[in-house]
There are 2 protein chains.
Amino acid sequence: MRTILIVIMMYGFNGKVLRVNLDTQKIDDELLDEKIYRKYLGGRNLGLYYLNKETSRGVDPLSPENTIVFATGVTTGVPLTGFCRHSVVAKSPLTNGFGEAEAGGFWGAELKFAGYDAIVIKGRSTKPTYLWVHDGEAELMDASGIWGLQTRESQEAIRGELGDRLVRIAQIGPAGEKLVRYACILNDLKYANGRSGLGAVMGSKNLKAIAVRGHNRLEFKDPEKIKEIGKWYNENWPKHPGALSRSKLGTSDGLLATNADGILPTRNFVKGSFDHAEDISGERMKDTILVGTEGCYACSIRCKRVVRGKPPYETDPAYGGPEYETLAAFGSLCEVGDLSAISYANQLCNAYGLDTISAGVAIAFSMECFEKGILTKDQLGGLEPGFGNTEAMVKLVDMIAKREGFGDTLAEGVMRASQRIGKGSERYAMHVKGKELPMHEPRGKTGLALQYTLSPSGADHMQATHDPVFQSNVENIKPLGILDPVDRLSLGPDKVRLFKYLQLWWNLLDCLCVCKFVIVPHGAGVFKINHLVDIVNAVTGWNSSLLELMLSSERSITLAKEFNLREGTTEADDRLPNRFFEPLESGPRKGAKISENDLKQAIITYYRMMGWDDAGKPETAKLLDLNI
Amino acid sequence: MRTILIVIMMYGFNGKVLRVNLDTQKIDDELLDEKIYRKYLGGRNLGLYYLNKETSRGVDPLSPENTIVFATGVTTGVPLTGFCRHSVVAKSPLTNGFGEAEAGGFWGAELKFAGYDAIVIKGRSTKPTYLWVHDGEAELMDASGIWGLQTRESQEAIRGELGDRLVRIAQIGPAGEKLVRYACILNDLKYANGRSGLGAVMGSKNLKAIAVRGHNRLEFKDPEKIKEIGKWYNENWPKHPGALSRSKLGTSDGLLATNADGILPTRNFVKGSFDHAEDISGERMKDTILVGTEGCYACSIRCKRVVRGKPPYETDPAYGGPEYETLAAFGSLCEVGDLSAISYANQLCNAYGLDTISAGVAIAFSMECFEKGILTKDQLGGLEPGFGNTEAMVKLVDMIAKREGFGDTLAEGVMRASQRIGKGSERYAMHVKGKELPMHEPRGKTGLALQYTLSPSGADHMQATHDPVFQSNVENIKPLGILDPVDRLSLGPDKVRLFKYLQLWWNLLDCLCVCKFVIVPHGAGVFKINHLVDIVNAVTGWNSSLLELMLSSERSITLAKEFNLREGTTEADDRLPNRFFEPLESGPRKGAKISENDLKQAIITYYRMMGWDDAGKPETAKLLDLNI
């Protein structure tokens with residue numbers, strides 16, 4: 001059968017999908033027809049294609065009926081900086097709607113080398129299992145011996161069992177096994193499909209890990225063109241200030257500027273700047289605990305940090321180091337200024353398999369509830385987690401991962417926790433559609449208000465470029481049809497149009513599984529928008545265009561909206577926490593707030609610009625237009 | 001002032017517009033800001049931008065208040081096959097709405113060499129005048145001496161007066177002076193802005209001609225890229241069957257195949273095939289009256305025919321030869337099989353400045369009315385124009401151009417003529433929105449039904465590719481997001497989507513003033529869709545994309561719709577003549593008809609796909625989306 005597939009693949013750019021049924025333990029190969037591949041491109045979009053098709057309405061995200069898809073994109077594995085990622089898609093236990101998360105690392109490229117473009121998994125194994133995919137073959141392995149282990153231990157065990165140190169392992173930790181609703185999936189211990197609780201979906205299926213290894217050489221239709229683009233990138237990134245900064249300081253290179261701008265989420269979003277920002281900055285990290293840097297497959301930038309925290313929070317460099325999101329979530333949001341403690345909390349998240357953003361927001365929520373007297377020391381098992389309480393912050397991470405004591409409530413996410421707690425605590429639950437907010441303050445860049453409310457997967461900061469980034473560089477986004485800069489505080493039609501096209505563009509990067517940092521309009525982006533079209537065509541031999549790719553992205557966003565509507569979300573769920581309609585309490589942007597009416601109007605304008613009705617339901621003509 | 005302009009232009013890709021007020025005889029230069037230029041691109045879209053902005057609602061198209069715009073595109077004058085055209089835009093005396101027409105030749109490139117991208121003309125000269133544009137200067141010249149002359153004589157007179165045989169002259173003939181509602185504008189006697197009656201608009205302004213001459217060398221941002229693309233084209237067109245056929249036989253290369261397919265408009269659209277098709281074919285022309293071929297600026301294909309008709313219809317080769325549209329309009333549509341007579345009618349149209357399509361349809365209309373007894377020999381000044389009456393056909397062209405006798409009625413176009421005649425003659429008036437139908441039979445390719453009804457300028461066959469063309473070659477249009485072939489007889493959602501994206505694409509070519517024959521998916525098209533993006537960027541230095549260009553095209557179509565609504569058209573005007581809802585009477589497609597209900601549904605689906613409401617009014621969000 002494999003011979004047949006290879007012959008068919010020679011005549012076009014087809015893909016191969018591994019189908020796994022954990023109920024029956026049956027594994028099959030499926031040819032992904034070139035037309036379907038071209039229509040969906042991969043990643044988030046391809047995952048959604050399967051999720052929509054194969055998951056019935058109303059299934060419990062943590063039931064065997066949920067489908068979880070691991071998908072690369074058509075360009076994954078190309079030896080260019082940034083073309084390394086993969087998406088995981090399932091119905092989310094946090095939002096009860098479209099759940100997705102991307103990760104970098106080496107796993108996506110390795111899956112390609114192993115001969116597969118995607119893996120679609122249904123059902124539930126009766127006992128713990130892991131999936132072993134290698135050079136066009138796949139088998140389910142017993143994971144009873146590693147169930148309950150932290151990620152480093154289980155990775156070593158699997159590699160040992162398989163006798164290959166270069167096996168790439170995407171896995172869950174104890175948090176996923178315990179169905180923490182924001183458990184994540186990690187590969188190489190530090191590259192996370194962080195958001196949407198997809199680790200809990202794996203846990204609910206008794207699926208501990210997917211180990212992959214392959215020796216296929218990827219074939220590209222125009223390898224010379226790829227070499228040429230690679231050469232261009234290598235010549236240009238060392239001259240690019242944004243890329244240099246990202247290389248030098250990692251994702252926290254902008255933390256101090258964000259703080260100076262008054263939009264560093266602080267004290268559970270009460271404030272926009274943090275007195276100890278310098279203590280948690282990329283610069284301070286570099287000067288103190290940094291012991292190395294790492295990069296994903298084929299990456300020249302190497303933005304990943306490797307740290308060794310100082311006692312009493314000594315950390316293991318194998319778990320990497322905290323990203324910007326993590327520094328802010330455990331740092332400024334909790335008013336904790338101890339870099340080693342934050343790194344330790346980060347390590348716990350990577351060892352247990354917890355999303356650092358949701359975990360930080362959950363802890364900040366508990367801190368605010370405690371300070372407001374809504375939660376008591378008794379309820380909290382003796383903890384007194386006021387803002388700035390470093391020990392409590394670290395302890396709570398552990399309790400959440402293990403669902404110990406009050407950690408069991410926080411493990412449900414702030415939406416469900418606040419519903420359980422009551423007493424007005426909902427006011428302090430910073431989430432959209434049940435997904436905790438990432439570390440960006442919409443009151444100082446209103447495009448984020450649109451991102452948070454309109455992302456189909458709940459509060460997401462990677463759904464569109466944060467607006468201030470390109471203010472000085474609108475030139476980069478002219479291929480998207482945006483010719484004018486837009487005021488960062490506007491919520492008018494110009495901002496909605498800008499958001500729409502940036503969302504389509506960034507979402508496209510998730511369909512192709514491309515790192516958003518390496519391409520404009522991100523501040524560290526060296527590749528230009530048109531490079532992406534060239535790369536897709538050089539890999540596939542297609543004659544694609546930015547138009548075709550953006551239509552595919554629009555298909556993805558519209559399908560996700562359809563999925564959410566099917567699962568019961570309404571326009572009432574496209575809303576921001578009330579806190580943002582109130583003024584920021586301090587800092588350079590003290591007094592800034594979002595106008596609720598302007599936002600409501602902007603949301604309706606967005607719906608209509610997308611070809612959806614006033615309630616956000618895609619019109620029939622739009623579905624026909626997108627060939628859905 | 002010119003120095004300042006040049007300095008400003010060095011910092012971007014700006015344009016220069018010549019503003020002419022015939023009331024005051026004042027002439028000014030206007031800098032066309034790069035942002036506006038990039039947003040509208042030129043041609044049809046730029047003309048519409050000015051028309052919409054500067055013409056008040058409800059003006060009589062033949063009054064001084066109408067604005068007429070001559071516009072090239074950003075890529076006009078590039079030395080590549082097909083990049084030579086220009087658009088003329090005004091409110092149309094035929095449709096009372098958006099009027100436009102494109103022409104090839106040398107005039108557009110020459111205007112660029114003279115330092116201008118467009119000319120905007122308002123008002124009315126008290127005496128006949130012509131505009132003389134040369135090397136960044138412009139003046140109004142007395143045309144009293146040439147008013148009334150046929151085009152060849154007036155061209156010689158102007159060139160003589162200006163002392164330069166290489167002056168390029170776009171002019172009207174006596175038909176335009178006499179305000180025949182489908183008078184055209186001709187350059188070099190044979191390249192016509194044929195449709196929409198724009199020659200009458202010039203006539204109403206007492207503007208006989210625009211003569212241009214320039215010696216500027218156009219600067220391109222990436223001349224090497226242009227050379228590379230030119231080299232590619234020159235290597236590839238001689239291997240391309242469609243281009244070779246077009247080069248060998250001109251636009252009538254497909255006449256016999258169209259006839260064999262049963263969709264050659266015959267006998268005023270009663271029939272779909274013509275017994276004497278061979279007698280009017282490109283092949284027959286080549287074997288009999290052809291004396292040479294010509295091409296537009298920089299063209300390798302040279303599809304223009306030069307003929308010398310045989311007595312009694314001897315013709316002057318200076319007027320070129322008949323195109324496919326002309327052969328069918330004066331030939332099969334009137335059931336006239338005499339190639340020399342058709343060539344003579346063509347020459348009359350070029351000498352008098354008449355659109356051959358509208359003229360042929362008007363004559364076929366009179367023939368059917370005569371045969372049905374609605375028009376009598378007396379009314380027709382002694383003529384008995386039954387179908388096939390060659391002499392009557394030729395005579396009627398002359399009468400129309402001079403508004404002699406019944407020609408005065410036909411000079412109003414078939415819509416108005418039938419309203420004047422009454423007696424059920426409306427049934428034989430083949431027009432949409434007052435513009436006569438071109439020579440393509442929608443009952444055998446339903447995409448044309450959409451073109452005819454939905455083109456904002458009335459019945460137009462160059463608004464989208466005729467569907468059968470790409471049936472065998474869907475690969476070419478994949479960059480437009482169309483991955484599957486569509487049945488030529490379908491009017492379902494797939495056909496509407498196909499039409500929408502093909503319309504955006506072809507309309508884009510009119511914004512950029514590119515010949516539709518040289519680029520896919522036209523059968524003679526050698527250039528690929530992505531070449532156009534490369535050429536735009538090589539010329540301008542922009543980082544544009546197919547997405548941005550297609551958004552500009554959508555802007556143009558939406559603006560045209562807005563203009564038409566402003567001028568009073570309604571969804572009731574988006575309709576096809578009833579004849580097409582009845583079966584074809586003979587030929588291979590005998591019995592074929594359009595379903596009126598399917599068409600109505602398809603039109604509404606199109607409206608909605610375009611972001612318009614059920615009555616075809618663009619939604620506010622669509623206007624905001626397109627930054628209109």
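In what follows, chains carry the letters A, B, and so on, assigned in the order in which the sequence lines appear, proteins first and then strands, with residues in each chain numbered from 1.
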Query raised in the report: At their closest point, which heavy atom of A/P479 faces which heavy atom of B/R38, and how far apart are they?
Result: N-NH2, 4.2 Å

Report task. Give the minimum heavy-atom separation between B/E475 and A/N543, together with the two atoms involved. Result -> O-ND2, 2.8 Å

Requested in this report: Please report the closest heavy-atom contact between A/R497 and B/D625, naming both atoms and the distance.
Outcome: CD-O, 2.9 Å

Report summary line: One should read off an interatomic distance between B/M550 CE and A/M550 CE, to the nearest 0.5 angstrom, of 13.0 Å

Query raised in the report: Going from CD on B/E548 to CD1 on A/I477, what distance comes out if it is rounded to the nearest 0.5 angstrom?
Result: 11.0 Å

Query raised in the report: Would a 4.5 Å heavy-atom cut-off, applied to side chains only, mark A/D484 and B/K35 as touching?
Result: yes

Query raised in the report: Counting only heavy atoms not in B/K478, do more than 12 sit closer than 6.0 Å to its NZ atom?
Result: yes

Query raised in the report: For A/Y501, is it the side chain, the backbone, both, or neither that has a heavy atom closer than 4.5 Å to a heavy atom of chain B?
Result: side chain

Query raised in the report: How about B/K231: does its NZ atom have over 12 heavy atoms from other parts shown lying under 6.0 Å from it?
Result: no

Query raised in the report: Do you know which of B/N627, B/L546, B/L480 has the most heavy-atom pairs with chain A at a distance under 4.5 angstrom?
Result: B/N627

Query raised in the report: How far apart are the closest heavy atoms of B/M609 and A/A621, and which atoms are they?
Result: CG-O, 3.6 Å

Report task. Taking the side chain as every heavy atom from C-beta outward, state whether B/L547 and A/W505 have any atom pair closer than 4.5 Å. Result -> no

Query raised in the report: Can you find a heavy atom in the side chain of B/S545 that is under 4.5 Å from one in the side chain of A/N530?
Result: yes

Report task. Side chain from CB out, backbone as N, CA, C, O: work out which of these in B/L483 comes under 4.5 Å of a heavy atom of chain A, or both, or neither. Result -> both

Query raised in the report: Below 4.5 Å, heavy atoms only, C-beta onward: do A/L624 and B/T605 meet side chain to side chain?
Result: yes

Query raised in the report: Is it the side chain or the backbone of A/K39 that comes within 4.5 Å of chain B heavy atoms, both, or neither?
Result: both

